[in-house]
Structures are given as structure tokens and as C-alpha cells.
Amino acid sequence: MKNTIQLYHDYIRKRGSGLDIFQKITEQFQIKSGLYPGSFVHITPSLVIPEMYYNDLDKNANRFFEVLSEPLEYVNQNKQYTEDAQIAYEAADFTSVLKAKINYYDLLISLYSSFISQHCKAYLKTNGVLLVNDSHGDATLAFYDRDYAFIGVVEVLQNGAKIKTEELDQYFKFKRERPVDIDKIRLQMKVPKYQNQSEYYLFRKIK
Ligand SMILES: C[S@@+](CC[C@H](N)C(=O)[O-])C[C@H]1O[C@@H](n2cnc3c(N)ncnc32)[C@H](O)[C@@H]1O
């Protein structure tokens, strides 16, 4: 297997690190802890969030986190906060019960990995923030879930990320008004084609 941190660098070369997104969210919402189900080896959030709980079931991800001191050393050398970094990893299916703390994390991250807003809601604290994209329809599920309030989108610009909290009523709308088939999304993980889409959506857990 490749050197642990090399695997992370190779991965973010392809997907982008998203550091500016996590920086912006952390700043704006004073995030100190986060849960990242379906993280693969994407440890970028740890560079700005002191306490992170990662989860995946992929064998390369399991190996990456096997010797936790390796990702931890990298994070401690590159982090942007003063306290020591805390990293935990659980090799498990996030549709089953995780060992993560209940009603605890400031941020829940759902990127490209199905319905984390639903399966992992219990671990996010009330008033905590969900960062989610709609690659599998998870942002749409959060939008129609009364436990979440839609509070913003993240725009990625050349000079960094920006959180937009106004004019949100343009999102999750079709050109011609029609209802969304939530059951179809759950079944097919296929995203409806909205008139205006964002790459990243933000919700607050309100219940
Ligand atoms: C496309 S990758 C995205 C990785 C990361 N979220 C990112 O944005 O770079 C999806 C990841 O989700 C993981 N995954 C999918 N379903 C899962 C499940 N039920 N439990 C745990 N991990 C899961 C996969 O193993 C894979 O590593």
C-alpha cells in the first residue's frame, strides 16, 4: 500500500481538498467537532476542526486509518488551530448504529455517499450544521425533512469559499412547478434537475 499521507495527497489532487469550504463553515458557525461518514481518506476537515470522527467501510480507508498516529501526525503538523487534533475512525456501515456520540457533533458532513442526513442525524447536536451535496439526493432529503432548516449554500470562488444565506428560495425548484418524488430519490438515488443548483448546501438541525 502507498504511504498513508501519499494516498491522501493523491486523493485530493483528484477531488480537490475543499479546505476553503471547511475553513469558511468552521469560521462562520464556530465548529469544534465534526462527524464525516463515508469520508474515505478525506481528512481535510481535521485541518480546521479540532475533533473529527471519520467513518467508512472501504478497505483502503480502513487501512489508511489503521495506524491513527500517521494521519494524526500529518494533521498536527498542518492544522490551523492551537489545540491538539483529535481523530477517531470507525470502520462500519453508517446505515447501522455507529459508536459516535449521540446529539454531540457541531457539523455533519455528507458528500457523495448517499443518505447521511437521514442515517446519521442522531449524532448531530441540535442547532448543529449539516454540510451536504445533492450527488445522491441527500440535500433534497434534508430539504424536505422537518428536522432540518435550509440556511445557506456554499459558493466556491477563485479567491475562496463564500456562504450565501439570502435568496435561498431559488433552490430546490423546478422550471415548471411540480412535486418532488422523494420515494424515487430514496430508491434510485437520482437527483432531480432543479432550475438552480448549488454544489454545497447547509442545513441546521432544529429538532
Ligand atoms: C465517492 S466516495 C466520497 C468520499 C468523500 N466523502 C469525499 O467527498 O471525498 C464515497 C465513500 O462513501 C463510502 N460509503 C458508501 N456507503 C457507505 C456506508 N453505508 N457506510 C460507510 N461508508 C460508506 C464509500 O466506501 C466511499 O469511500
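Atoms within a ligand are numbered from 1 in the order they appear, just like the ligands themselves. All figures in this text were calculated on a predicted structure; none of them were measured in a lab. Residue numbers start at 1 and run along the sequence shown.
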Inset, instruction - Return yes if a side-chain donor-acceptor contact under 3.5 Å exists between Lys164 and Tyr171, otherwise no. - result: yes
List below, pair by pair, the N or O atoms of ligand 1 and of the protein that are less than 3.5 Å apart, including the distance to 0.1 Å; reply 'none' if no pair qualifies.
from	atom 1	to	atom 2	distance (Å)
ligand 1	6 (N)	Tyr36	OH	3.0
ligand 1	6 (N)	Gly38	O	2.8
ligand 1	6 (N)	Leu111	O	2.9
ligand 1	8 (O)	Arg15	NE	3.3
ligand 1	8 (O)	Arg15	NH2	2.9
ligand 1	8 (O)	Tyr36	OH	3.2
ligand 1	9 (O)	Tyr11	OH	2.5
ligand 1	9 (O)	Arg15	NE	2.6
ligand 1	12 (O)	Ser113	OG	3.2
ligand 1	19 (N)	Asp93	OD1	2.8
ligand 1	20 (N)	Phe94	N	2.9
ligand 1	25 (O)	Asp56	OD1	2.6
ligand 1	27 (O)	Asp56	OD1	3.3
ligand 1	27 (O)	Asp56	OD2	2.7

Legend entry - Salt-bridge present (Asp10, Arg13; N to O < 4.0 Å): yes
Inset, instruction - May I have the step-by-step check of ring-ring contact (aromatic ring centres under 6.0 Å, His included) for Phe143 and Phe172, ending in yes or no? - result: CA-CA 8 Å; Phe143 183 75; Phe172 303 103; 4.3 Å; yes
Inset, instruction - Compute whether any side-chain donor of one residue and acceptor of the other, for Ser110 and Tyr36, lie under 3.5 angstrom apart. - result: no
Legend entry - Between Gln170 and Gln195, a side-chain donor and acceptor under 3.5 Å: no
Inset, instruction - Using the six-membered ring wherever Trp is involved, compare the ring planes of Tyr74 and His9 and label them parallel, tilted or perpendicular (cut-offs 30° and 60°). - result: perpendicular
